[in-house]
Amino acid sequence: MFTGLIEHLGTVSAIHQDDGGCALTISQSAPILVDCHIGDSIAVNGACLTVVEFDVELHGGCFKIWLANETLSRTDLGDRKVGDQVNLERAMGAHVRFGGHFVQAHVDTTATIFRRALDGDSLRLWFQLPKPTAERPSLLPYIIPKGYVTIDGASLTVTSVDDAERMFGVMLIQHTQQKITLAKKVNGERVNIEVDMVGKYVEKSVLAALEGGGGEPMRTFVQRIVEETLVEKGILPSGSVFNGNIQ
């Protein structure tokens, strides 16, 4: 589990790719390696990856991670080049203060930077999601204004959503611009997106209730919402539902 609060910016120093996947070496990372062990998880641009090698002193502190083909297809890490900076966050310890939101670092998809605009000393960015497919449905149901979304591993507040154009926007204050890589990216570049996992669980529970599963408490909850909606729209008179059965 992660928080979406970026700890450090590392630098890609080596890339080795073959048909089986890709190995990345991230250097200039000593501050997050002081308590590192082989097998630890580090979120790199929002993707939870396993440390397979590390050296606290070499190249300002470096570690190696392996990217499976699934990771390459879901993230922008295959686009990274030697010299690129990446956002880094260690897995959250149980003893630390929780300051972001629940981030699994399981990237859902990538989005494309559509537009950038200065707003005082802040920076507004708009992103466009890919067209949905049967394999990868739309993520827009989980992105709402004033909700949160993880972009390249950073927990950010959503400022606007345009479902018709598959777009949403965020704003970076000056401090955040200096602490993450996103402010340096340009129009057309891809970013890693992870939506709110709580929203996914809620949707699954509601759908299960509507289909007759999900347990009695959830079915009762959904039935109450349906009743209230039908009454508000004048489709049913008030009091026409009793114990979940339409009278």
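All values below come from the heavy atoms of this structure, side chains included, with hydrogens, waters and symmetry mates left out.
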Can you confirm whether [X] sits close enough to [Y] that some side-chain heavy atom of one is under 4.5 Å from a side-chain heavy atom of the other?
X      : Y      : value
Pro130 : Thr109 : yes
Arg116 : Asn187 : yes
Leu49  : Thr71  : yes
Cys36  : Phe63  : no
Phe54  : Ser29  : no
Glu189 : Thr112 : no
Leu123 : Met171 : no
Phe127 : Ile143 : no

Sub-3.5 Å donor-acceptor pair from the side chain of [X] to the main-chain atoms of [Y], do we have one?
X      : Y      : value
Gln177 : Asp121 : yes
Asp119 : Ser122 : no
Ser13  : Thr25  : yes
Asn69  : Leu72  : no
Thr110 : Thr75  : no
Gln128 : Glu165 : yes
Thr133 : Arg136 : yes

Tell me the closest heavy-atom pair linking [X] and [Y], and the distance in Å.
X      : Y      : answer
Glu194 : Ala105 : OE1-N, 2.8 Å
Met167 : Leu140 : O-CD2, 4.3 Å
Phe102 : Met197 : CB-CE, 3.6 Å
Trp126 : Ala117 : CZ3-CB, 3.9 Å
His8   : Ile32  : CB-CG2, 3.8 Å
Val107 : Arg74  : CG1-O, 3.4 Å

Do [X] and [Y] share a hydrophobic cluster, counting only Ile, Leu, Val, Met, Phe, Trp and Tyr and linking them when any side-chain heavy atoms are less than 4.5 Å apart?
X      : Y      : result
Tyr142 : Val170 : yes
Val161 : Tyr148 : no
Met92  : Val44  : no
Ile193 : Leu67  : no
Leu77  : Leu88  : yes

Check the pair Trp66, Thr50 against side-chain contact (heavy atoms from CB on, under 4.5 Å), reporting the backbone distance first and the verdict last. CA-CA 7 Å; Trp66 177 255; Thr50 301; over 6 Å; no
To the closest 0.5 Å, what do you measure between [atom1] ([X]) and [atom2] ([Y])?
X      : Y      : atom1 : atom2 : answer
Asp163 : Ile144 : CG    : CD1   : 11.5 Å
Lys131 : Ser138 : NZ    : OG    : 13.0 Å
Leu58  : Ser27  : CG    : OG    : 7.0 Å
Leu172 : Thr157 : CG    : OG1   : 10.5 Å
Ile42  : Ile65  : CD1   : CD1   : 8.0 Å
Asp84  : Asn45  : CG    : CG    : 9.0 Å

Closer than 4.0 angstrom, basic N to acidic O: yes or no for Arg190 and Asp79? yes
Closer than 4.0 angstrom, basic N to acidic O: yes or no for Arg90 and Asp35? yes
side-chain contact (heavy atoms from CB on, under 4.5 Å) between Ile15 and Val82: does it pass, once the steps are laid out? CA-CA 7 Å; Ile15 302 172; Val82 171; 4.2 Å; yes
Evaluate Asp152 against Ile180 for side-chain contact (heavy atoms from CB on, under 4.5 Å), listing each step before the verdict. CA-CA 9 Å; Asp152 281 350; Ile180 65 177; over 6 Å; no
Assess, by modelled atom type and distance only, whether the side chains of Thr3 and Glu89 contain a donor and an acceptor separated by less than 3.5 Å. yes
Check: Asp76/Asn192 side-chain N/O donor and acceptor closer than 3.5 Å: yes
Does NZ in Lys185 sit with more than 12 non-hydrogen atoms of other residues, nucleotides or ligands closer than 6.0 Å? yes
Please determine which of Leu156, Thr176, Ile6 meets the side chain to side chain contact (heavy atoms under 4.5 Å, CB included) test together with Leu182. Leu156
Checking Phe168 against Ile151 for the side-chain contact (heavy atoms from CB on, under 4.5 Å) test, could you report, in this order, the C-alpha distance in whole Å, the side-chain angles of both residues, the deciding distance, and whether it holds? CA-CA 12 Å; Phe168 67 93; Ile151 303 178; 3.9 Å; yes
